[in-house]
Amino acid sequence: MVQHTAAHPEVARSAVRPLRWDLVAVSAAAGLVTAAAVVGVWLDRLPGHLVFAAAPPLFASWLPHTGPGTPAAVLLALAVVARGPELADRLPWRRALLAGYSAAVAWTFALALVDGWQRGLAARLTSGHEYLHEVPGVTDIGAMLHGFTARILDFQPDSWTTHVAGHPPGALLVFVWLDRIGLAGGGWAAVTCVLVGCLAAVAVPVTLRAAGAEPVARAALPFAVLFPGAVWVGASADGLFTGVTATGVALLAVGARAAGPERVVPACLAGGALLGFGAFLSYGLVLLAAVALVVPLLLRHAWAAGLAAAGALAVVAAFALAGFWWPDGYHLVVRRYYQGIGAERWYAYWVWADLAALAVAVGPAAVAGLRRAAALARGYRPGHAGGGRSAVVPLAGAAALAVLAADLSGLSKAEVERIWLPFAVWLVSAAALLPSASRRWWLAGQAATALAVNHLLLTNW
C-alpha cells in the first residue's frame with residue numbers, strides 16, 4: 001500500500017510531461033504565426049511590397065464577419081467534438097467511414113457558406129486568374145494538349161491565365177470535362193472540389209488501417225473531419241488535388257494489404273494511376289512520391305510499388321502521346337513563376353512564414369501530434385509493433401520532408417495554406433497519437449482554428 005501511494009505521483013508526473021511538451025510545441029507554433037503576421041505587415045508597408053499578402057502569413061483580407069454557414073459550422077463542430085471520438089471507436093468500420101465523409105463534407109460546406117454561396121463557393125473559381133476562365137476556349141482537347149506549353153510564358157497575346165499556366169494541363173482538363181458532361185460554371189466546379197477533396201478525410205484513415213493501425217485510424221478520423229484546411233478545400237482546385245492524391249495512396253495501401261492478385265493488381269494500378277494523374281494536376285505533387293513509397297515499405301510489398309509505378313507511368317505516357325511532356329512544362333512554369341509576383345515576394349521571409357501558414361492549416365492538434373511523432377521517430381524501427389502507432393511516423397515524416405523540399409525550393413512563396421493541402425492531410429494524421437482522454441480538447445482547438453480563420457478573414461479561396 002505504501003509502495004503504491006509512493007509510485008502514484010511519479011506516474012502522474014510521467015503522464016503530464018508529454019502534455020507539457022505538446023503545449024510548448026503549440027505555443028511555439030502560435031509564436032511563429034504571430035511573428036509571421038507582425039513581420040509580414042511591416043514588410044508589406046515598405047517600398048517594393050516584399051510580401052504581397054494582405055493578412056500575412058495567409059493570402060486573405062481582414063474582414064470580421066458571419067454568414068449563413070456560421071450556425072451550421074458551430075453546431076457541426078460541437079457535435080464532432082462531443083461524439084466524434086466515441087462514434088469513430090464504436091461504429092463498424094464502413095459506417096464510421098461513411099459518417100466521417102458525410103461530416104467532412106458538411107463541415108467544409110458550412111465553412112464555405114460563412115461567406116455565402118456566391119462569394120464562398122460559386123465565384124471562387126471564376127475569376128480572370130482561374131481555370132474556368134479558359135474553359136470556353138478549349139474547343140479541341142487534343143489541340144489544347146499539343147499547344148499547352150507554348151502558352152505557359154506570360155506577356156504573349158494567348159498566354160494562359162495564372163492558375164492554368166502554373167499547373168500541368170490535368171487541372172484544366174478536369175474542369176473542361178465537367179463542362180462537357182453538363183456541369184458547367186463555378187457552382188458545379190466548387191461542389192466537385194469539395195466532394196472530391198473530402199475523400200481525404202477517409203483516405204488517410206483507410207491508409208492507416210491498411211498499414212495495420214486500426215485503433216490509430218479510428219483515432220485519426222475525427223481529426224481528419226475537423227481539418228482546419230477545410231477552409232481552403234471549399235473551394236479551391238487544391239482541395240480537389242488533395243482528394244485525388246490521398247485516394248491514390250489509400251488504394252495503394254489497400255492493394256498492398258489485399259490477399260490474391262485479383263485484388264492487389266487493380267487496386268495498386270488504380271492507386272498509381274491516380275498518383276500519376278496528381279503530377280499532372282500540380283507539378284509539386286511529384287513530392288507525394290515520398291508518402292506513396294512509405295506504404296509498400298510499411299507493408300513489405302515490393303510488388304505493390306512496381307504496380308503503382310506502372311499505373312503512374314501509364315498516365316505519363318498517355319499525356320506524352322497526347323502532346324504534353326511534363327519536364328518541358330515544369331521548366332517553363334519556373335520561368336513563368338518569376339515573371340510574376342513570385343519574383344517580388346521575399347524568399348527570406350516566406351521560407352519561414354510559409355511554415356506559419358501551414359501551422360494554421362493543420363491546426364494545434366497536428367502540431368502536438370507531430371511533436372509526439374518526432375519523439376517516437378527517435379526509437380522507430382520499421383515493422384516494430386507499437387499498437388499501430390508507428391505507422392504514423394513514416395507517413396507524417398514523409399509528408400514533412402516533402403513540405404520541407406517544397407519550402408526550400410522557393411517555388412512556394414505564400415498561399416501554401418491551400419497549395420500544401422495534399423501534404424497537410426498526412427501531417428494531421430499525427431494527431432491520432434494524442435491521448436484519448438484529451439482528444440476532445442484538441443478537436444475543439446482544431447474547430448476553433450478553422451472558425452476563427454473563416455470568420456475573421458476573407459480568404460481568396
Quick one: [atom1] on [X] to [atom2] on [Y], what's the gap to the nearest 0.5 Å?
| X | Y | atom1 | atom2 | answer |
| --- | --- | --- | --- | --- |
| His167 | Leu172 | NE2 | CG | 11.5 Å |
| Leu113 | Thr108 | CG | OG1 | 10.5 Å |
| Thr245 | Leu274 | OG1 | CG | 9.0 Å |
| His65 | Asp115 | NE2 | CG | 3.5 Å |
| Leu240 | Leu281 | CG | CG | 6.5 Å |
| Cys193 | Trp461 | SG | CH2 | 13.0 Å |

Less than 6.0 angstrom from the centroid, inside 45 degrees of the normal: does Arg151 satisfy that with respect to the ring of Trp160?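 Geometry flag: set, cation within 6.0 Å and 45°.
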
Side chains of [X] and [Y]: does their closest heavy-atom pair fall under 4.5 Å?
| X | Y | answer |
| --- | --- | --- |
| Val315 | Phe280 | yes |
| Asn460 | Arg418 | no |
| Phe148 | Val164 | yes |
| Tyr349 | Pro56 | yes |
| Leu451 | Leu111 | yes |

Identify the two heavy atoms, one from [X] and one from [Y], that lie closest to each other, and give their separation to 0.1 Å.
| X | Y | answer |
| --- | --- | --- |
| Val392 | Ala430 | CG1-CA, 3.6 Å |
| Leu298 | Pro394 | CD2-CG, 3.8 Å |
| Gly255 | Ala267 | CA-CB, 3.5 Å |
| Val428 | Val362 | CG2-O, 3.8 Å |
| Ala190 | Leu121 | CB-O, 3.4 Å |
| Ala250 | Ala203 | CB-O, 3.5 Å |

So, does [X] use its side chain to make a donor-acceptor pair with the main chain of [Y] at under 3.5 Å?
| X | Y | result |
| --- | --- | --- |
| Glu417 | Trp232 | no |
| Trp352 | Ala348 | yes |
| Arg218 | Leu91 | yes |
| Lys413 | Tyr347 | no |
| Ser102 | Ala99 | no |
| His129 | Ser127 | no |
| Ser159 | Leu153 | yes |

Over 12 foreign heavy atoms within 6.0 Å of CZ, Arg180: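 Yes, the 6.0 Å shell around CZ holds more than 12 heavy atoms from other groups.
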
Could you check whether atom CZ of Arg95 has more than 12 heavy atoms from other residues, nucleotides or ligands sitting under 6.0 Å from it?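 No - once you tally the heavy atoms of other residues, nucleotides and ligands closer than 6.0 Å, there are 12 at most.
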
Can you tell me which residue among Leu50, Val51, Leu355 is in a side chain to side chain contact (heavy atoms under 4.5 Å, CB included) with Trp350?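 Only match with Trp350 under side chain to side chain contact (heavy atoms under 4.5 Å, CB included): Val51.
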
Would Leu358 and Leu427 count as a side chain to side chain contact (heavy atoms under 4.5 Å, CB included) if you check the C-alpha gap in whole Å, the side-chain angles of each, and the deciding distance to 0.1 Å? CA-CA 10 Å; Leu358 178 65; Leu427 297 177; 3.9 Å; yes

Using the side chain to side chain contact (heavy atoms under 4.5 Å, CB included) rule, take Arg124 and Thr459 through it: C-alpha gap first, then chi angles, then the decisive distance, then the call. CA-CA 10 Å; Arg124 291 288 191 182; Thr459 59; 3.6 Å; yes

Dump the intermediate steps for side chain to side chain contact (heavy atoms under 4.5 Å, CB included) on Phe423 and Leu401, then the final yes or no. CA-CA 10 Å; Phe423 310 113; Leu401 287 174; over 6 Å; no

How are the rings of Tyr283 and Phe324 set to each other: parallel, tilted or perpendicular (split at 30° and 60°)?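 Rings of Tyr283 and Phe324: tilted, 30 to 60°.
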
Check the angle between the aromatic planes of Trp326 and Tyr330 and answer parallel, tilted or perpendicular using the 30° and 60° thresholds.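 Answer is parallel, since the angle falls under 30°.
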
By the salt bridge (Lys or Arg N to Asp or Glu O under 4.0 Å) test, which pairs, at least two apart or in different chains, include something from residues 327-348?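 Residue pairs passing salt bridge (Lys or Arg N to Asp or Glu O under 4.0 Å), neighbours aside: Asp154-Arg336, Arg345-Glu415.
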
Starting from the C-alpha separation in whole Å, work towards a yes-or-no answer on side chain to side chain contact (heavy atoms under 4.5 Å, CB included) for Leu145 and Ile141. CA-CA 6 Å; Leu145 291 171; Ile141 290 176; 4.1 Å; yes

Kindly state each residue pair satisfying ring pair (Phe, Tyr, Trp, His ring centres under 6.0 Å) with at least one member in residues 168-213, sequence neighbours excluded.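 Found Tyr131-Phe175.
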
